[in-house]
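Given the structure is predicted, the values throughout are model-derived calculations rather than measurements. What you see below is based on every heavy atom in this structure, not just the backbone, and it leaves out hydrogens, waters and symmetry mates. A, B, ... follow the sequence lines: proteins, then strands. Residue 1 opens every chain.
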Protein chains: 2
Amino acid sequence: MAVHQPSSTEPASDAAGPATPAFSPLYQQIKGLILQSLQAGEWKPGEAIPSEMDLAARFRVSQGTVRKAIDELAAENLVVRRQGKGTFVATHAEQHVRYRFLKLVPDSGDEGPAQRTILECRRGRASAEIARALALRTSDPVVQVRRVLSFGGVPTILEDIWLPGNAFKGLTAEQLASHQGPTYVLFEVEFGVRMVRAEEKIRAVAADAQHARLLAVDAGAPLLSVERLSHTYNDVPMELRRGLYRTDTHHYRNDLS
Amino acid sequence: MAVHQPSSTEPASDAAGPATPAFSPLYQQIKGLILQSLQAGEWKPGEAIPSEMDLAARFRVSQGTVRKAIDELAAENLVVRRQGKGTFVATHAEQHVRYRFLKLVPDSGDEGPAQRTILECRRGRASAEIARALALRTSDPVVQVRRVLSFGGVPTILEDIWLPGNAFKGLTAEQLASHQGPTYVLFEVEFGVRMVRAEEKIRAVAADAQHARLLAVDAGAPLLSVERLSHTYNDVPMELRRGLYRTDTHHYRNDLS
DNA sequence: CAGTGGTCTAGACCACCAA
DNA sequence: TGGTGGTCTAGACCACTGC
C-alpha cells in the first residue's frame, strides 16, 4: 500500500537520530514495492507483470504514478515495456540485449556464438579474498569454474568464475558446456538468479606460462584483465569473474556519455 | 512550433518513398527544438535555459510535454535540473561530474589532480586515417597534441590527441599546460566545443621503447590502450584520442547495467 | 514571498497487438 | 474488438531556492 506521509514539515520529533526526514515520493515507494515482488519471484523472468491499471488499483494510486515507477525500472533494465502487449521481467535471453555484459567485440565483421570449453567446475570453500568479494564468510561453500571461450576456433577468453555454493547447488560442467546462449540465461532458468548490475576493473597484464598455453599466445603477451563483480537485486553480489581477454583480434568496447 | 501531425493513418500518399511514416511524438519534436538551440549556442554551458513554463509558452505546448523533453535531455547529460533554481546547460566543470570521461582510478585511496606535461602541440594536415575518424577530408588542418599525465609524480597516462584545426584555431601548448580542471572545460570555455558522448576501444598492448621511456616502465610492459572518439551535439566527431594507461597502480573502472 | 522544478491526479485520445 | 502501453493535457499541491 502507498504510504501517505505527513505533508510539509515533520512533527517536531527532536529525538536523536538521523536528521534526514528521508522523504521519498510515492512513485519511489511503488517502485520499491514492485522491486520486492521481483525479488520474491512473484513474476519470473520473461513473464508479464500486471498491467499499469492493475498495479494502480493494487497500490491505490493513479496510473501515472505507477507509470513513473515502471519507467525507472525500465531505465535500469529490470523490466521491458512492449507497447500493446505489456511489461515483462527482463531477461538476459532477449535477442538484442544478449551478451549485455560481454563488451568484447571482434575488430571487424560479425562472429557466431562462442565455443565453450569447461576446464574445471568444482565445489570448495571460499578463501578470505573470495569471501570478501561475495559477502560470504570464509570457508562458506563456493563453486569455482574455469573455462575458455573461443571464436572461430581461436581461444580468446579465459575466465575464472566464483559463485556462492548455496545459491548454485547442483551446477555441473555438463550444464555449463551444453546450454544454449549466454551463461546468465542458464543462471536465470536453472537457479532463478538474475544478474542485474556489475562493476568491472580492467587492467593490462602479461600472460604467464599457464595463461599463455590456454590462450595460445606467447608467454608475456599483453592480455586484458577484467575482474567483474555481478549483483542481483538489491546490490547483492552473486558472482566474481576474472577474465583474461586476447585483444589482438578483438577489443573491449565502451560507450561514455 | 509544435508540428501537429495528421492523426491515425497517413493520407494514402502512395508515391515512392520511405515507407516509414516517421511518426514522432510531440515531446520528441520539442526535444529536437531545444537541442537545436543548444547547438546554436543560444544558451551557453553553465547558463540556465528558460523555465518549463516559458518553453511551454514558446512552443505552444503543455508544461508536461516540455518536462518530458527535458527529462530526456537530462538523462543524456546534456542538461542538469536543479530544483528551485532552474535547468542548466551541462558542463564538464561540475564538481561531481568532473573527469566524467576519465575512467582510470587509483587502486586505493584518492589522489589530487593530474600534473600535465605537454610534449607536443602542433598544427598539421590530417592523414587519411585521422581524416576518416574525424569526418574530415585528407589534408584538412588538424591540431595534434601529445601529453603525459602524472599522479603524485608518477607518469601514468600518455595521450595523443587530434582535433579539427578549424574548430580549435589558436590552441596553444601554454593553454593546455596551465588551465585548471579538465581539458574538456578548456574546450568549452575557449572554443565553445562541448563533448557530449564518446566511444572507446580498449586493448592490452606491450610498451615500445618510446612509450616505455615516457611512462617510465620497461619496454614490453603491458599497457592499456584506449582509443576514444568524442562527439559534440548531433554525433559530430570532434576529437580522437589515443591513450596508453599504466595499470600497475590504477585500473579502468566500468559499470555495467 | 514569488519562481522554479517535482509530484500526483484524472481524463482523453492514440498506437500497437492479439484474438 | 478490447486490452496494453504511449502521449498529451490541465490543474493542484509540494519542496527547494533566493530575495
Side-chain angles (χ1 to χ4, degrees), chain A residues 1-11 19-34 43 47-75 78-90, chain B residues 1-11 19-34 43 47-75 78-90:
Chain A
M1 296 304 140
V3 176
H4 286 281
Q5 293 165 319
S7 35
S8 77
T9 56
E10 296 278 285
T20 57
F23 164 82
S24 91
L26 235 196
Y27 76 87
Q28 285 286 4
Q29 300 177 39
I30 304 300
K31 179 184 167 188
L33 293 172
I34 298 176
W43 317 296
E47 285 182 12
I49 73 174
S51 75
E52 296 180 350
M53 288 303 248
D54 288 355
L55 289 171
R58 164 171 350 175
F59 297 129
R60 313 297 213 77
V61 168
S62 84
Q63 189 199 8
T65 300
V66 170
R67 167 172 296 273
K68 185 146 188 184
I70 294 179
D71 277 347
E72 293 212 346
L73 294 171
L78 299 180
V79 117
V80 175
R81 324 189 70 143
R82 284 201 263 266
Q83 183 172 143
K85 300 177 74 173
T87 301
F88 300 79
V89 181
Chain B
M1 296 303 140
V3 176
H4 287 282
Q5 291 165 321
S7 34
S8 78
T9 56
E10 296 280 284
T20 58
F23 163 82
S24 90
L26 235 196
Y27 75 88
Q28 286 286 4
Q29 300 177 38
I30 304 301
K31 179 184 168 187
L33 293 172
I34 298 176
W43 316 297
E47 285 182 12
I49 73 174
S51 76
E52 296 180 350
M53 287 305 247
D54 287 355
L55 289 171
R58 170 185 327 186
F59 298 128
R60 314 297 212 78
V61 167
S62 84
Q63 190 201 8
T65 302
V66 170
R67 168 173 294 272
K68 185 146 188 185
I70 294 180
D71 277 346
E72 294 214 345
L73 293 172
L78 298 180
V79 117
V80 175
R81 324 189 72 146
R82 285 202 262 266
Q83 183 172 141
K85 301 175 73 171
T87 302
F88 300 79
V89 182

Colleague: Taking CZ from A:Arg81 and P from C:dC16, how many angstroms apart are they, rounded to a whole number?
Modeller: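 Going from CZ in A:Arg81 over to P in C:dC16 covers 16 Å.
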Colleague: Could you tell me the separation between the NZ atom of A:Lys68 and the P atom of C:dA10, rounded to a whole number of Å?
Modeller: 17 Å
Colleague: As an exercise, state the distance from CG of A:Leu55 to CG of A:Leu33, rounded to the nearest 0.5 Å.
Modeller: 10.0 Å
Colleague: How many whole angstroms separate atom CG of B:Leu26 from atom C1' of C:dC13?
Modeller: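 In whole Å, C:dC13 C1' and B:Leu26 CG are 13 Å from each other.
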Colleague: Between A:Arg81 and A:Asp71, does a side-chain contact (heavy atoms from CB on, under 4.5 Å) hold up when you go through it step by step?
Modeller: CA-CA 9 Å; A:Arg81 324 189 70 143; A:Asp71 277 347; 2.5 Å; yes
Colleague: Less than 4.0 angstrom between a side-chain N/O of A:Arg82 and OP1 or OP2 of D:dT4, yes or no?
Modeller: no
Colleague: Reading DNA chain C from 5' onward, which residue's closest nucleotide shows up sooner: A:Gln63 or A:Tyr27?
Modeller: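 Nearest-nucleotide comparison on DNA chain C picks A:Tyr27.
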Colleague: Check whether any side-chain nitrogen or oxygen of A:Ser51 sits under 4.0 Å from OP1 or OP2 of D:dG3, and answer yes or no.
Modeller: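 No, A:Ser51 has no side-chain N/O under 4.0 Å of OP1/OP2 on D:dG3.
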Colleague: How long is the span from the CZ atom in A:Arg58 to the CD1 atom in A:Ile30, to the nearest 0.5 Å?
Modeller: 10.0 Å
Colleague: For A:Lys31 and C:dC8, what is the distance between atoms NZ and P respectively, to the nearest whole Å?
Modeller: 13 Å
Colleague: Is any side-chain N or O of A:Thr65 closer than 4.0 Å to OP1 or OP2 of C:dT7?
Modeller: no
Colleague: Taking for each residue the nucleotide of DNA chain D with the nearest heavy atom, is it A:Gly84 or A:Arg67 whose nucleotide lies nearer the 5' end?
Modeller: A:Gly84
Colleague: Please report the distance, rounded to the nearest Å, between CD in B:Glu72 and P in C:dG5.
Modeller: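 From B:Glu72 CD to C:dG5 P: 18 Å.
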Colleague: Compare every heavy atom of A:Trp43 with every heavy atom of A:Ile49, then report the nearest pair and how far apart it is.
Modeller: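 Scanning both residues, the minimum pair turns out to be CG2-CE3, 3.7 Å.
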Colleague: When the distance from CD1 of B:Ile30 to P of D:dT7 is rounded to whole Å, what number comes out?
Modeller: 14 Å
Colleague: What is the separation between atom CD on A:Glu52 and atom P on C:dA10, rounded to the nearest whole Å?
Modeller: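 Going from A:Glu52 (CD) to C:dA10 (P), I get 15 Å.
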Colleague: D:dG18 phosphate, OP1 or OP2: any side-chain N/O from B:Lys85 under 4.0 angstrom?
Modeller: yes
Colleague: What is the distance, rounded to the nearest whole Å, between atom CD of B:Gln83 and atom C1' of C:dG5?
Modeller: 6 Å
Colleague: Report yes if at least one side-chain N or O of A:Thr87 is closer than 4.0 Å to OP1 or OP2 of D:dG5; otherwise report no.
Modeller: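 Yes.
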Colleague: Working to the nearest 0.5 angstrom, can you tell me the gap between B:Leu26 CG and B:Gln29 CD?
Modeller: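 CD of B:Gln29 is found 5.5 Å from CG of B:Leu26.
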